[in-house]
Q: 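First, the structure itself, so that you have it in front of you.
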Amino acid sequence: MLALFIGALLVICISHWVYNWRNPRCNGKLPPGSMGLPLLGETLSFFSPNTTNDISLFVKERMNRYGPIFKTSLVGRPVIVSADPDLNHFVFLQEGQLFQSWYPDTFTEIFGRQNVGSLHGFMYKYLKNMVLNLFGPESLKKMMAEVERTACRRLQGWSSLETVELKEATASMIFDLTAKKLISYDQDNASENLRDNFVAFIQGLISFPLDIPGTAYHKCLQGRKNAMRMLKNLLNERRAMPGKNRSDFFDYVLEELQKEGTILTEAIALDLMFVLLFASFETTSLALTLAVKFLSDYPSVLEKLTFINETVRLANIVPGIFRKALREIQFKGYTIPAGWAVMVCPPAVHLNPAKYEDPLVFNPSRWEGVEINGATKSFMAFGGGMRFCVGTDFTKVQMAVFLHCLVTKYRWQPIKGGNIVRTPGLQFPDGFHIQLREKTRTMSSQVSQND
């Protein structure tokens, strides 16, 4: 009898818990949607692969069912997903007042508890200014010549190869350039390969958060651990040789750390270094690879200077931008409870047929006469609000210089790969292999054959 009573009580408790999970308490009206399974939520559906440039099935199906604002649960947290341009704009506009930057615990585990995306207020502004000293307009002017030399040198080297896998090749090029600028790192003279650890990190970055040996997520954490160890060792080596002035970001960091009353800590500086190295090469190399793929498919747009905007619109490298509600908020008849996360969904904005005619078509002409100086309600490839990506200009410079060198001096043809998959972040699972030849060399060969 006692066992029967305990069993019945257990069933009642579990049923009550499941009911509360599926029907969260709210003072007003929550957006429609489903909280999915207890604890797991709809996480598995969120990570389902998508092999097109379209909005993920996870978001698209729910937009069709519930509208542009809906509730869900991801990795154990309640989330409001916004494909609504007005709500997205409101969230960015109210940064620091009604919302603050927030990412799931698995994200902060990967990027560090004190990464720049998780810091707020004065500390965030302080780090932002540090980065602008490195990648701001004045610094970029000085870097232009070096960016161009690097692009031309790499392209010339690739042109002598039978084929080149573009995603890996451009990632290596950008990483070497950025690492040199940040920490004077030279792979040829290094005892350990820093980028190899970032590659291991990236391969499990957007994966199901299961930290068990053999899983992609576990490899990701190990890659970060090893990369952070190397960065710490490099910083200590620099600290031990104060006389050698390299005028890079490490020197700037050490100078800040030595100031009396500084708010910068070594842990924050190393997390910042890690994020800068990752963000500078991985996202840009993905965008460059997609740009060359589009140019291969649509050669008539080679003369269009607006294809960078169109590339990043379709790339949607960042599938979601997270914020957390600091207090209860009313918007369009819905209540966003305090403490809930809001996921702004850039792909839903960039692929909105009401704004972009034939949104899945690569059409750089749509940007002619349109000047983009920041985020708008219909374009947020680089974030928005006070957290608009500080590396935007650096990314655009690298893309513009590389693509200019490519299209003016080289011909190429796709060999294999080029298929994409989004899980939900953009990937090229088979790479994108091309054959690259200098235009003068190609023309000389053709003349010889005609003779």
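Numbers for residues simply follow the sequence, beginning at 1.
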Q: What's the spacing between Leu74 CG and Met35 CE if we round to 0.5 Å?
A: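 Nearest 0.5 Å value for the CG-CE distance: 9.0 Å.
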
Q: Do Ser172 and Glu168 pair up side chain to side chain, a donor and an acceptor below 3.5 Å, judged on atom types alone?
A: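 On atom types as modelled, these side chains do not qualify, holding no pair under 3.5 Å.
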
Q: Does Leu254 offer a backbone N or O that forms a donor-acceptor pair with the side chain of Asp251 under 3.5 Å?
A: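 Checked: no pair found.
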
Q: Which pair of heavy atoms, one from Tyr334 and one from Pro32, lies closest together, and at what distance?
A: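 In terms of heavy atoms, the two residues are closest at OH-CD, 3.6 Å.
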
Q: So, Arg422 and Asn53: side-chain donor and acceptor under 3.5 Å apart, yes or no?
A: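 Checked: Arg422/Asn53 side chains pair up, N/O donor to acceptor below 3.5 Å.
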
Q: Walk me through whether Leu314 and Leu351 qualify under side chain to side chain contact (heavy atoms under 4.5 Å, CB included).
A: CA-CA 8 Å; Leu314 283 169; Leu351 301 174; 3.8 Å; yes

Q: Evaluate the ring-ring contact (aromatic ring centres under 6.0 Å, His included) criterion for residues Trp340 and Phe99: first the C-alpha distance (whole Å), next the side-chain angles of each, then the deciding distance (0.1 Å), finally the verdict.
A: CA-CA 10 Å; Trp340 277 47; Phe99 300 92; over 10 Å; no

Q: Can you check side chain to side chain donor-acceptor pair (under 3.5 Å) on Glu328 and Asn27, steps first, answer last?
A: CA-CA 9 Å; Glu328 188 177 282; Asn27 292 328; 2.8 Å; yes

Q: Let's go through Ser159 and Lys409 carefully: what are the C-alpha distance in whole Å and the side-chain angles of both, what is the deciding distance for side chain to side chain contact (heavy atoms under 4.5 Å, CB included) to 0.1 Å, and is it a yes or a no?
A: CA-CA 11 Å; Ser159 68; Lys409 299 178 181 179; over 6 Å; no

Q: Tell me every residue that passes salt bridge (charged side-chain N to carboxylate O under 4.0 Å, His left out) with Glu255, counting only those two or more places apart in sequence or in another chain.
A: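 Here no residue qualifies.
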
Q: Considering the options Glu42, Arg77, Met343, which one meets the side chain to side chain contact (heavy atoms under 4.5 Å, CB included) requirement together with Thr72?
A: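 With Thr72 as partner, side chain to side chain contact (heavy atoms under 4.5 Å, CB included) holds for just one option, Glu42.
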
Q: Would you compute the distance between atom CD1 of Ile80 and atom CG of Leu30 and round it to the nearest 0.5 angstrom?
A: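 One gets 6.0 Å once the value is rounded to the nearest 0.5 Å.
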
Q: Can you list the steps and then say if Asn50 with Thr52 is a side chain to side chain donor-acceptor pair (under 3.5 Å)?
A: CA-CA 6 Å; Asn50 171 26; Thr52 73; 3.0 Å; yes

Q: Looking only at heavy atoms, what is the nearest atom pair of Ser285 and Thr170, with distance?
A: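 Smallest heavy-atom distance, with atoms named: CB-OG1, 3.4 Å.
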
Q: Going through the distances and angles, do Thr150 and Glu146 end up as a side chain to side chain donor-acceptor pair (under 3.5 Å)?
A: CA-CA 6 Å; Thr150 300; Glu146 187 177 2; 5.2 Å; no

Q: With side chains defined as the heavy atoms from C-beta onward, is the minimum distance between Leu277 and Arg195 less than 4.5 Å?
A: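 Answer no - side chains too far apart.
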
Q: Quick check: are there more than 12 heavy atoms from other residues, nucleotides or ligands sitting under 6.0 Å from NZ of Lys225?
A: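 Atom NZ in Lys225 is not packed in, count stays at 12 or less.
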
Q: Is any side-chain heavy atom of Ile183 closer than 4.5 Å to a side-chain heavy atom of Met273?
A: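 Answer yes - side chains close enough.
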
Q: Could you check if a side-chain atom of Leu288 sits within less than 4.5 angstrom of a side-chain atom of Leu166, using non-hydrogen atoms only?
A: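 Answer no - side chains too far apart.
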
Q: Check for a donor-acceptor pair, side chain of Glu310 on one end and backbone N or O of Asn363 on the other, with a separation under 3.5 Å.
A: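 Present.
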
Q: Once you round to the nearest 0.5 Å, how far does SG of Cys345 lie from CG of Asn88?
A: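 One gets 8.0 Å once the value is rounded to the nearest 0.5 Å.
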
Q: May I ask you to say whether Lys167 pairs ionically with Glu282, meaning some side-chain N is under 4.0 Å from a carboxylate O?
A: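 Looking at Glu282 together with Lys167, the answer is yes, because their closest N to O distance falls below 4.0 Å.
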
Q: Got a sec, which residues hit side-chain hydrogen bond (donor to acceptor under 3.5 Å, both in side chains) with Glu266, two or more places apart in sequence or on another chain?
A: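 If we apply the side-chain hydrogen bond (donor to acceptor under 3.5 Å, both in side chains) test to Glu266, skipping adjacent residues, the hits are Lys232, Arg239.
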
Q: Would you check, one step at a time, whether the test side chain to side chain contact (heavy atoms under 4.5 Å, CB included) holds for Met380 with Val349?
A: CA-CA 8 Å; Met380 52 184 64; Val349 172; 4.3 Å; yes

Q: Could you tell me whether a side-chain N or O of Thr43 sits under 3.5 Å from a main-chain N or O of Val75, the two making a donor and an acceptor?
A: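 Side chain of Thr43 to backbone of Val75, a donor-acceptor pair under 3.5 Å: yes, one is there.
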
Q: Is a salt bridge present between Glu256 and Lys259, judged by a nitrogen-to-oxygen distance below 4.0 Å?
A: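 The answer is yes: the pair qualifies as a salt bridge.
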
Q: Between Lys396 and Val312, is there a side-chain heavy-atom distance shorter than 4.5 Å?
A: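 No, too far: nothing below the 4.5 Å cut-off.
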
Q: Within the supplied structure, the quantity of interest is the number of heavy atoms (other residues, nucleotides, ligands) at a distance under 6.0 Å from Arg229 CZ; does it exceed 12?
A: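 Yes, enclosed.
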
Q: Using side-chain heavy atoms (C-beta onward) and a distance below 4.5 Å, is Phe249 in contact with Leu276?
A: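 Phe249 reaches Leu276 side chain to side chain.
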
Q: Determine the minimum heavy-atom distance between Ile69 and Asp84, stating which atoms define it.
A: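 Taking every non-hydrogen atom into account, CG1-CB, 3.7 Å.
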
Q: With a 4.5 Å heavy-atom cut-off, do Pro24 and Pro78 have their side chains touching?
A: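 No, too far: nothing below the 4.5 Å cut-off.
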
Q: Determine the minimum heavy-atom distance between Lys60 and Ile55, stating which atoms define it.
A: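 Heavy atoms only, the tightest pair is N-CG2, 4.0 Å.
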
Q: Between Ile434 and Thr163, is there a side-chain heavy-atom distance shorter than 4.5 Å?
A: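 The answer is no; the side chains never approach within 4.5 Å.
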
Q: Which side-chain N or O atoms in residues 315-325 pair as donor and acceptor under 3.5 Å with protein atoms at least two apart or in another chain?
A:
from: Asn316; atom 1: OD1; to: His350; atom 2: ND1; distance (Å): 2.7
from: Asn316; atom 1: ND2; to: Arg313; atom 2: O; distance (Å): 3.1
from: Arg323; atom 1: NE; to: Glu95; atom 2: OE1; distance (Å): 2.6

Q: What pairs of donor and acceptor atoms, side-chain ones from residues 173-181 against any protein atom, are under 3.5 angstrom apart with sequence neighbours left out?
A:
from: Asp176; atom 1: OD2; to: Arg154; atom 2: NH2; distance (Å): 2.7
from: Thr178; atom 1: OG1; to: Ile174; atom 2: O; distance (Å): 2.8
from: Thr178; atom 1: OG1; to: Ser280; atom 2: OG; distance (Å): 3.4

Q: Could you state the interatomic distance from OH (Tyr356) to CG (Asn352), rounded to the nearest 0.5 Å?
A: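 If we round to the nearest 0.5 Å, Tyr356:OH and Asn352:CG are 8.5 Å apart.
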
Q: Calculate, to the nearest 0.5 Å, the distance between atoms CZ and CG belonging to Phe46 and Leu40 respectively.
A: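 Taking CZ in Phe46 and CG in Leu40, the distance rounds to 13.0 Å.
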
Q: Think Arg224 forms a cation-pi with Phe274, using NZ or CZ under 6.0 Å from the six-ring centre and within 45 degrees of its axis?
A: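 Yes - Arg224 lies over the ring of Phe274, closer than 6.0 Å to its centre and within 45° of its axis.
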
Q: Is there side-chain contact between Lys332 and Asp86, with at least one heavy-atom pair below 4.5 Å?
A: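 Touching, per the 4.5 Å side-chain cut-off.
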
Q: Could you tell me which residues satisfy salt bridge (charged side-chain N to carboxylate O under 4.0 Å, His left out) with Lys71, sequence neighbours excluded, listed by chain and number?
A: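 For Lys71, no residue satisfies salt bridge (charged side-chain N to carboxylate O under 4.0 Å, His left out) once neighbours in sequence are set aside.
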
Q: Quick check: closest heavy atoms across Phe90 and Ile329, and the distance to 0.1 Å?
A: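 Here Phe90 and Ile329 meet closest at CE2-CG2, 3.9 Å.
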
Q: Is the NZ atom of Lys355 crowded by more than 12 outside heavy atoms at less than 6.0 Å?
A: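 Not buried by this count: 12 neighbours or fewer within 6.0 Å.
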
Q: Within the side chain of Thr262, is there an N or O that forms a donor-acceptor pair under 3.5 Å with the backbone of Gln258?
A: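 No, because the side chain of Thr262 does not come within donor-acceptor range (under 3.5 Å) of the backbone of Gln258.
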
Q: Please report the shortest heavy-atom distance between Lys293 and Gly418, naming the atom on each side.
A: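 Smallest heavy-atom distance, with atoms named: CE-O, 2.7 Å.
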
Q: Aromatic rings Phe379 and Phe382: how do their planes relate, parallel, tilted or perpendicular, breaks at 30° and 60°?
A: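 Rings of Phe379 and Phe382: perpendicular, as their planes differ by over 60°.
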
Q: Going through the distances and angles, do Phe428 and Glu165 end up as a side chain to side chain contact (heavy atoms under 4.5 Å, CB included)?
A: CA-CA 10 Å; Phe428 288 86; Glu165 199 286 285; 5.7 Å; no

Q: Are Phe294 and Phe307 an aromatic pair by the rule of ring centers under 6.0 Å?
A: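 No, ring centres 6.0 Å or more apart.
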
Q: What distance separates Ser139 OG from Asp393 CG, expressed to the nearest 0.5 Å?
A: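 So the OG of Ser139 and the CG of Asp393 are separated by 11.5 Å.
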
Q: Kindly write out the residues that satisfy ring-ring contact (aromatic ring centres under 6.0 Å, His included) with Phe250, not counting sequence neighbours, or none if the list is empty.
A: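 Counting only residues at least two positions away or on another chain, Phe250 forms no ring-ring contact (aromatic ring centres under 6.0 Å, His included).
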
Q: Under the 3.5 angstrom rule, does the side chain of Tyr410 hit a backbone N or O of Gln156 as a donor-acceptor pair?
A: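 Yes, because the side chain of Tyr410 sits within donor-acceptor range (under 3.5 Å) of the backbone of Gln156.
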
